[in-house]
Amino acid sequence: MSKGWWWVAIGAVVVAAWAARGDDSPKTPTTPTAAGTPTAANPSATPTPGATVKPGDTVKPSGTPKPGGPSESTVTPEPSGEASGDWFVNYDPAHFAVQVRGSAARAGVSAQLLMAILYNEDYKPHNPELERSWQHFKPDAAFGIANMHRAAFEEVRRGRSFAGRRWDELPDHPELAIEAAAWHLHDLAARLPRRTGGKFGRDELLALGYNTGARNMHAFAAGAKPGAQAQSYLDKLHENWTKAGNAVRS
């Protein structure tokens, strides 16, 4: 059996598994649950036992942006040594700590938050061939290790150093996916109100915005309670927070 048909066969098996799990990505915006409606655990709950910090705690990895805000890099993210060959075999977001620190610094966002989101999005295989096989069955599927949809990528790349790159490159180029995710967080941060009436910190709101969209992020900032899907994403963020901090400091 040729390699191409072999991947199609594997893809069919994975597609069946994904179909059984439901949606491939948590990116589709959801309507915030109205006050009083039963939801998941209290959004202000303490992170999973064993965690020593949570979103909002101070972590200063070597890639932390310096005062003065983000600066656009004139260098387009290119495939690196980490992204060559079978990088997706035994994939761990921590393998891309250097790229995460660099992209976070350029975009002026938290490297720990960016890394935690990569851990949150590591719920399915990121083999490029399998992602493309799934996309044939679900054209609006997300691509890359940060699970970014086409519309989000098209919006975030405008005027950026990677404006000439394409969404369908994301599965093969983790460094591009990381750069796009960092600037997406930057754009979400620019939309956050200065004062919020809810119980969530800035990093938690940005993670919720990454998961459910800017409109829902605003609703959560105003005090709306997350629905089950958004709350689950936030719980995972808390679980991954310490691990992400250790990864970007390594």
Side-chain angles (χ1 to χ4, degrees), residues 1-27 63 76-104 107 111-150 152-154 156-157 162 165-185 207 210-211 233 236-237 239-240 243-248 250:
M1 182 180 293
S2 66
K3 184 176 181 180
W5 285 106
W6 174 252
W7 280 117
V8 170
I10 294 178
V13 174
V14 173
V15 164
W18 285 348
R21 289 184 62 180
D23 190 12
D24 77 301
S25 171
K27 294 298 180 301
T76 303
E78 296 293 343
S80 66
E82 292 283 1
S84 62
D86 296 336
W87 61 265
F88 48 85
V89 178
N90 299 320
Y91 164 71
D92 184 334
H95 295 163
F96 293 91
V98 172
Q99 289 86 344
V100 166
R101 289 195 297 266
S103 292
Q112 185 173 13
L113 172 62
L114 179 56
M115 180 64 78
I117 284 178
L118 292 183
Y119 275 114
N120 268 34
E121 300 297 338
D122 186 25
Y123 63 89
K124 67 178 185 180
H126 288 300
N127 182 302
E129 293 294 337
L130 296 184
E131 285 201 357
R132 289 192 172 88
S133 294
W134 177 243
Q135 199 261 349
H136 287 307
F137 290 88
K138 188 171 184 180
D140 65 342
F143 267 176
I145 62 174
N147 288 328
M148 184 169 285
H149 286 286
R150 185 191 295 270
F153 181 80
E154 293 300 329
V156 77
R157 76 185 179 105
F162 54 98
R165 304 293 292 275
R166 303 187 314 275
W167 172 73
D168 59 13
E169 293 182 65
L170 292 176
D172 299 290
H173 300 297
E175 76 294 331
L176 175 60
I178 292 168
E179 187 81 1
W183 284 103
H184 187 33
L185 289 171
Y210 192 93
N211 176 239
Y233 196 83
K236 290 180 181 178
L237 186 80
E239 293 171 6
N240 291 325
K243 179 167 59 174
N246 292 335
V248 296
S250 62

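Here the structure is a predicted model, which means the values were calculated and not measured.
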Asks: For Y119, which residues count as a side-chain hydrogen bond (donor to acceptor under 3.5 Å, both in side chains) partner, sequence neighbours excluded?
Replies: D92
Asks: Please identify each residue that fulfils side-chain contact (heavy atoms from CB on, under 4.5 Å) with A180, with sequence neighbours left out.
Replies: M148, F153, V156, F162
Asks: Where do Y210 and L113 land on the side-chain contact (heavy atoms from CB on, under 4.5 Å) test, with the steps shown first?
Replies: CA-CA 11 Å; Y210 192 93; L113 172 62; over 6 Å; no
Asks: Under the side-chain contact (heavy atoms from CB on, under 4.5 Å) test, which residues partner A182, sequence neighbours left out?
Replies: S103, A107, V109, L114
Asks: Can you name the closest pair of heavy atoms from W167 and A141 and give their distance?
Replies: CZ2-O, 3.3 Å
Asks: Where do L237 and A207 come nearest, in terms of heavy atoms and distance?
Replies: CD2-CB, 3.7 Å
Asks: Test your reading of the model: is there a side-chain donor-acceptor pair from N120 to the backbone of Y233, 3.5 Å cut-off?
Replies: yes
Asks: Between the main-chain N or O of V248 and the side-chain N or O of R101, is there a donor-acceptor pair closer than 3.5 Å?
Replies: yes
Asks: Where do D122 and K236 land on the salt bridge (charged side-chain N to carboxylate O under 4.0 Å, His left out) test, with the steps shown first?
Replies: CA-CA 11 Å; D122 186 25; K236 290 180 181 178; over 6 Å; no
Asks: Less than 4.5 Å apart, side chain to side chain, heavy atoms only: is that true for E179 and R165?
Replies: no
Asks: Which heavy atom of A146 sits nearest a heavy atom of A177, and at what distance?
Replies: CB-O, 4.0 Å
Asks: I'd like to know whether N211 forms a side-chain contact (heavy atoms from CB on, under 4.5 Å) with I117, so could you lay out the CA-CA distance, the side-chain angles of the two residues, the decisive distance to 0.1 Å, and finally the verdict.
Replies: CA-CA 9 Å; N211 176 239; I117 284 178; over 6 Å; no
Asks: Using 0.5 Å steps for rounding, measure from the NE2 atom of H95 to the CD1 atom of I145.
Replies: 11.5 Å
Asks: Is any side-chain heavy atom of R132 closer than 4.5 Å to a side-chain heavy atom of F143?
Replies: yes
Asks: Please find the pair of heavy atoms, one from Q112 and one from A244, that lie closest to each other, and give the distance.
Replies: O-CB, 3.6 Å
Asks: Under the side-chain contact (heavy atoms from CB on, under 4.5 Å) test, which residues partner R166, sequence neighbours left out?
Replies: D168, E169
Asks: Is there a side-chain contact between L170 and E131 (heavy atoms, below 4.5 Å)?
Replies: no
Asks: Y91 vs H126 aromatic rings, parallel, tilted or perpendicular, using cut-offs 30° and 60°?
Replies: perpendicular
Asks: Taking the side chain as C-beta and beyond, is there a heavy-atom pair between E175 and I178 under 4.5 Å?
Replies: no
Asks: With the side chain counted from C-beta on, respond yes when V98 and F96 share a heavy-atom pair under 4.5 Å apart, and no when they do not.
Replies: no
Asks: So, for P128 and P171, which heavy atoms are closest and what is the spacing to 0.1 Å?
Replies: CG-O, 3.3 Å
Asks: Taking only residues two or more places apart in sequence or in another chain, which ones pass side-chain hydrogen bond (donor to acceptor under 3.5 Å, both in side chains) with R157?
Replies: E154
